[in-house]
Amino acid sequence: MAKAGITLDGEPAESTTAMNPLLGLAREDLVGAVGMMLRETAGRPAKTVKHLKKFTGEVGRIVSNRSALAPDPKDRRFADPTWKTNPLYKASMQYYLAVRQGVDGWVEDVQLSARERAQASFVTAMVLDAAAPTNSLIGNPSALKKALETGGGSLIRGLKNAYEDITQNDGIVSQVDKRPFEVGVNLATAKGSVVHKTEMMELIQYAPTTESVHAVPLLIIPPQINKAYVNDLSPDKSIIRFLAAGGIQPFMVSWRNPGPEHRDWGLGDYVDQLIDAIEVICQVTRSKSVNIAGACSGGITAATLLSKLASRGDTRVGSVTLMVCVLDPQAGDSEIGALVSDHGVELARRRSARKGVLDGASLSRTFAWLRPNDLVWNYVVNNYLHGEPPPAFDVLYWNNDSTNLTAGLHSDYLDFYKTQPFARPGTTEVAGHVVDLTKVTQDCFIVAGVTDHITPWKASYRISQLIGSPNVEFILSQAGHIQSLLNPPGNPKAKYFRSETRPPADIEQWLGSEAKAHAGSWWPFWLDWLRARSGAVKPARKTLGSKAHPPGDAAPGRYVFD
């Protein structure tokens, strides 16, 4: 164990939908920001001339082989040694980098508001990412080598991959080879049964794998975005299997993938479903309390549930775990947040209200274009130019198994961004009560990821100051959004940071002097934390469900296939 040392290593971006893309990036705002930039440029030509001179000077150095421009070492687009050894390709790369450097400096120098600058930077970056020489066959030396080595076979395979994406994948470049995976066969295979089913959800009880279990069960609340089986992905990454092997009684909600006819389902309806689920779990297990765990938007639902139960004096929830979750999204939390305007929020609300749902495939597409190098062009090069299949990766398979979001719930999430009910306790009515997390006193375990671009870890940290719990654990995992969750023991590179005391209000104080680095996965530490809050050990029951709630469909249920 050592001090954090404040070295938080980076990782590639992940393609996972979450709160940021829900907030609304209006095309009109982006176009307007570009128009404002052009007007400012026309009105102040001296700045344009200044940057053109710098660019022309750099081009002169490129032509005379005196330029020192080089890509970021982490930029995998230019990893092929040809970019260094071949003068023509080297000059092409440096010219591209010079254009990018010039445009970035130009945008930074133009007099725009912070939001307009962020929007203009986003648009210009998207255009320049698309114009990278690596995205064309002639400009990509590794693709040309592959074509020569295969006698053109890679190009034929690339055309076949493109045709399949056009005809079978809604014109979106495939991020995963789905063929090796099948839910219920090699994904989501933990034994269990649905013990309660409604129009909105299935409640799954998982079979014990130990002779004895802790008396207090755990309810896992997944996001309404993407499907619940991420918690039981493959046997080696299954949170469900890990908990059951540790003597915990896991239950999990599987939300129904809604259609336009479910447009009115809002956050209050989802919370009421969870209250019913708690009642069922208590009856099935004969426990007076239930621990809960929620991730991402499921954490928002869990926090709202806790606040509502506290307002009623209902003490059936014993402890809460909130993973990669943001309860008070702010514009400065991420690059994406800086792009969002009130106009964009209202446009997003109207669009989902018109359709009845926020379409999962559209949401995935939108998110991909927020990080195009990692989530679009990387696959264009691999699938089309190199003619290779996309990777067969279980996390990507799950991520591409998208779900819709009802217009009602989407609108509620948009209201959260505007009204900040968790950050302003006692001011806003949500889900049939006035939200006040300061009245939530259950022990709280918070997990965030160092390189999480979806729910930035410093935003997740703020939960420790919003909630009234006297006992709060904050775990910072050295990983991204999904890797923070699917973090089983055995990864030699895994580590996490935590402090021995309740996290202070000053995040820099926690990071600089209180947090210490621990090698390995945080799962074993969480399991010990849960066990200490899960009551006495008792013999495991041989059967699932109860007389009032008999076992139905086998896990993972039926809603997971919608």
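Bear in mind that the values here come from a model prediction, so they are computed numbers and not experimental data.
With hydrogens and angles ignored, the 3.5 Å screen pairs no side-chain donor or acceptor of Ser469 with any backbone N or O of Val472. For Trp523 (side chain) and Leu485 (main-chain N/O), a donor-acceptor pair under 3.5 Å exists by modelled atom type. Remark: the backbone N or O of Val560 is paired with a side-chain donor or acceptor of Lys227 at under 3.5 angstrom. Between the side chain of Gln420 and the backbone N or O of Tyr417 there is at least one donor-acceptor pair closer than 3.5 Å. In this structure a side-chain-to-backbone donor-acceptor pair under 3.5 Å is present from Arg462 to Asp328. Distance alone, capped at 3.5 Å, is enough to place a donor-acceptor pair between the Gln175 side chain and the Leu375 backbone. With hydrogens and angles ignored, the 3.5 Å screen pairs a side-chain donor or acceptor of Arg349 with a backbone N or O of Ser411. Of the possible polar contacts, none joining the Trp398 side chain to the Asn226 backbone as a donor-acceptor pair under 3.5 Å is found. Side-chain atoms of Ser193 never come within 3.5 Å of backbone atoms of Ala554 as a donor-acceptor pair (strictly under, hydrogens ignored). A donor-acceptor distance shorter than 3.5 angstrom exists from the side chain of Ser521 to the backbone of Asn487, with no hydrogens or angles considered.
A salt bridge does not link Glu199 with Lys197: none of the charged nitrogens is closer than 4.0 Å to a carboxylate oxygen. Classification of Glu202 and Arg558 as a salt-bridged pair fails, no side-chain N sitting under 4.0 Å from a carboxylate O. No salt bridge links Lys418 with Asp415; every basic N to acidic carboxylate O contact stays at or beyond 4.0 Å.
Separating the OH atom in Tyr397 from the CZ atom in Phe181 is a distance of 8.5 Å, to the nearest 0.5 Å. Atom CG of Asp232 sits about 9.5 Å away from atom CD1 of Ile239, to the nearest 0.5 Å. Note that the CD1 atom of Ile482 and the CD1 atom of Ile454 stand 8.5 Å from one another [nearest 0.5 Å]. The distance from atom CD1 of Ile240 to atom CD1 of Ile248, rounded to the nearest 0.5 Å, is 11.5 Å. A distance of 7.5 Å separates CZ of Phe474 from OH of Tyr461, quoted to the nearest 0.5 Å. For the atom pair NZ of Lys538 and OG of Ser287, the computed distance is 7.0 Å after rounding to the nearest 0.5 Å.
Evaluation of the side-chain hydrogen bond (donor to acceptor under 3.5 Å, both in side chains) test over residues 302-324, restricted to residues two or more places apart or in two chains, returns Asp272-Lys308, Asn291-Ser319, Ser307-His433, Asp314-Arg316, Thr321-Trp526. Annotation: ring-ring contact (aromatic ring centres under 6.0 Å, His included) contacts involving residues 266-302, sequence neighbours excluded, comprise Trp255-Tyr270.
Under the 3.5 Å distance criterion, with hydrogens and angles disregarded, no donor-acceptor pair is assigned to the side chains of Asp276 and Thr198. For the residue pair Gln224 / Thr301, a side-chain donor-acceptor distance below 3.5 Å is found, with atom types taken as modelled.
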Residues Val176, Asn399; criterion side chain to side chain contact (heavy atoms under 4.5 Å, CB included); working and verdict: CA-CA 9 Å; Val176 61; Asn399 184 70; over 6 Å; no
Criterion side-chain hydrogen bond (donor to acceptor under 3.5 Å, both in side chains) on Asp436 and Thr438, from CA distance to verdict: CA-CA 5 Å; Asp436 190 347; Thr438 65; 2.4 Å; yes
Just do the side-chain hydrogen bond (donor to acceptor under 3.5 Å, both in side chains) check on Arg263 and Ser352 with the steps written out, would you? CA-CA 9 Å; Arg263 64 174 61 241; Ser352 63; over 6 Å; no
What do the steps show when you test Asn257 against Asp562 for side-chain hydrogen bond (donor to acceptor under 3.5 Å, both in side chains), and what is the final call? CA-CA 6 Å; Asn257 186 12; Asp562 289 350; over 6 Å; no
Applying side-chain hydrogen bond (donor to acceptor under 3.5 Å, both in side chains), run through Thr285 and Gln249 and close with a yes or a no. CA-CA 9 Å; Thr285 62; Gln249 299 184 71; 5.3 Å; no
Leu405 and Val357: side chain to side chain contact (heavy atoms under 4.5 Å, CB included), yes or no, with the steps? CA-CA 5 Å; Leu405 198 69; Val357 294; over 6 Å; no
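Classification of the Tyr496-Phe525 ring pair by plane angle, with boundaries at 30° and 60°, yields tilted. The aromatic rings of His262 and Trp265 lie parallel to each other, their planes meeting at an angle below 30°, with 60° marking the opposite boundary.
Using a 4.5 Å heavy-atom threshold, the side chains of Arg241 and Thr189 count as touching. Leu274 places a side-chain heavy atom less than 4.5 Å from the side chain of Val253. Asp401 has its side chain within reach of Tyr229: a pair of non-hydrogen atoms, C-beta onward, lies under 4.5 Å apart.
Other residues, nucleotides and ligands contribute over 12 non-hydrogen atoms within 6.0 Å of the CD atom of Glu261.
Across all non-hydrogen atoms, the minimal contact from Thr427 to Val434 is N-CG1, 3.8 Å. For the pair Gly449 and Ser484, the tightest heavy-atom approach, listed with the atom from each and the gap, is CA-OG, 3.1 Å.
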